[in-house]
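Note sheet for the following structure.
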Amino acid sequence: MQRVNKAACLLLALGVLLATGCKHEAKGYWKDTRRYYREYLNTPAKLDLEDKGEVAPAEARLAEGFAGIDIQLRALERALENSDRRPDTAWAKQMFQRFPWISGLAAVDSEGHVMAQQPEAPMKPLDFSPLLKEDTKQNMRALRSYVQDTPMGPEVYVGVPVYSGTDFRGLVIAHFDIRALLPYSSRPADLMIAAPGQVMWPGRFDAQATPIASTDWGSVVTKDVYGSVSNANGEFYWVSRYLGNLPLVFAVPEAGSFPEKPEQLSILKQAAALGSANTPNEPVTEIQPAYPELDESEGSILTKPAPQASDDQKVKEEAIR
């Protein structure tokens, strides 16, 4: 089977995992979904008796490496898109419990002013402003995402735009360190994670010695959703998926030999601590007082104007910044 079919089957395989709730080996669920794809979606004109439905080693490693992470990211997207609760203290507590790998939550107005956030004093310097710009290539109410490179590691932001009619009023945002998701990967050392302009997780490899660091992903993902990239050291097999409007690239080595930096793997022992898992039940600041009381008939905060911050809140936010 051609790789375009294998890339499609990779995504189907993730669906099988979600639907069945069973833990299959990568080879098993890849083979099953591959057979489904050929039998029902792309039936061959001639039966290939030699096709055993086998999966290449690099493809199996990739499936094992990013499937668990992808499941978590999809769940976060659904939680943000489908939430019918206003972002009060109870909502924030539920989000931290459901997604212990996120670093924090925030609500900002159309100017980027922080109206409420948890935790109140984040460890990293946060910049919400890039999310304020509407992406003309997507629906105006679609999720918006970007990656901020900080001295303490990359921070990924995903925000739900808040509108009053067609007037943009602000965003409700979740943010996290991509490395906090590594415990959900069964092969984090073999996996590299990138976004346009940066490598967010190098795995065990010297990132600059790999083609993942030198590839213009902003351009490549507009043409393909999977493939191979190479340099003098060898080749990586990759697949991309979008978080909001941000393309994320997951890749594993396919051929060759690459210089390694095993000391980078030490972060795996502290990966869970990069999220909110240590204190998910004790939010640092109360979000609810920053928002007007909404009656049940008024529906979701996601269709309501963003609230205005009080003068006291603005002074407090300036002190934090």
Side-chain angles (χ1 to χ4, degrees), residues 7 10-11 13-15 17-18 62-63 65-83 95-96 98-106 108 124 126-150 153-162 171-185 188 191-203 212 215-227 238-252 271 274-276 302:
L10 177 58
L11 300 180
L14 298 181
L17 285 177
L18 286 169
L62 182 56
F66 96 99
I69 293 174
D70 189 70
I71 289 170
Q72 291 295 316
L73 292 176
R74 292 297 186 195
L76 177 63
E77 286 181 320
R78 290 193 300 272
L80 290 172
E81 290 173 332
N82 300 332
S83 175
M95 288 291 286
F96 282 126
R98 186 175 178 187
F99 305 105
W101 45 269
I102 63 175
S103 307
L105 299 166
V108 301
K124 294 179 181 178
L126 303 178
D127 181 9
F128 302 113
S129 60
L131 294 176
L132 299 175
K133 185 178 179 181
E134 183 179 342
D135 187 339
T136 57
K137 298 188 295 295
Q138 65 174 170
N139 182 291
M140 68 180 187
R141 296 180 187 273
L143 294 177
R144 304 177 185 181
S145 304
Y146 97 101
V147 183
Q148 177 189 6
D149 190 18
T150 79
E155 194 74 4
V156 181
Y157 299 75
V158 55
V160 179
V162 179
L171 298 123
V172 175
I173 301 164
H175 56 93
F176 59 92
D177 189 315
I178 195 72
R179 297 171 298 177
L181 281 164
L182 294 176
Y184 297 93
S185 169
L191 184 69
M192 292 188 70
I193 307 174
Q198 61 184 293
V199 173
M200 296 190 289
W201 168 244
I212 302 303
T215 297
D216 180 2
W217 292 112
S219 174
V220 170
V221 298
T222 63
K223 304 171 185 176
D224 297 299
V225 296
Y226 74 98
W238 63 273
V239 66
S240 67
R241 57 93 71 222
Y242 276 79
L243 177 66
N245 58 339
L246 172 70
L248 298 177
V249 175
F250 299 86
V252 294
L274 297 173
S276 62
L302 302 184

Worksheet entry | Steps toward side-chain contact (heavy atoms from CB on, under 4.5 Å) verdict (L73, W101) | CA-CA 10 Å; L73 292 176; W101 45 269; 4.1 Å; yes

Fill in: Residue pair L62, L191: steps toward the side-chain contact (heavy atoms from CB on, under 4.5 Å) verdict
CA-CA 7 Å; L62 182 56; L191 184 69; 4.2 Å; yes

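Residues Y242 and V221 are in side-chain contact: their nearest non-hydrogen atoms beyond the backbone lie under 4.5 Å apart. Within the 4.5 Å cutoff, side-chain heavy atoms of V160 are placed close to those of L143. Between F128 and L171 the shortest side-chain heavy-atom distance does not fall below 4.5 Å. Counting only heavy atoms from C-beta outward, the side chains of F176 and L76 approach each other to under 4.5 Å. I193 is not listed as a side-chain neighbour of R179, based on a closest heavy-atom distance of 4.5 Å or more. Here the side chains of S103 and E155 are in contact, with some heavy-atom distance below 4.5 Å.
Looking at residues two or more places apart in sequence or on another chain, you find a side chain to side chain contact (heavy atoms under 4.5 Å, CB included) between V147 and P154, V156, A195, Q198, M200, L246. In this structure, the side-chain hydrogen bond (donor to acceptor under 3.5 Å, both in side chains) partners of N245, at least two apart in sequence or on a different chain, are D135. Not a single side-chain hydrogen bond (donor to acceptor under 3.5 Å, both in side chains) links T215 to another residue, sequence neighbours left out.
Considering all non-hydrogen atoms of both residues, M95 and A79 come closest at SD-CB, 4.1 Å.
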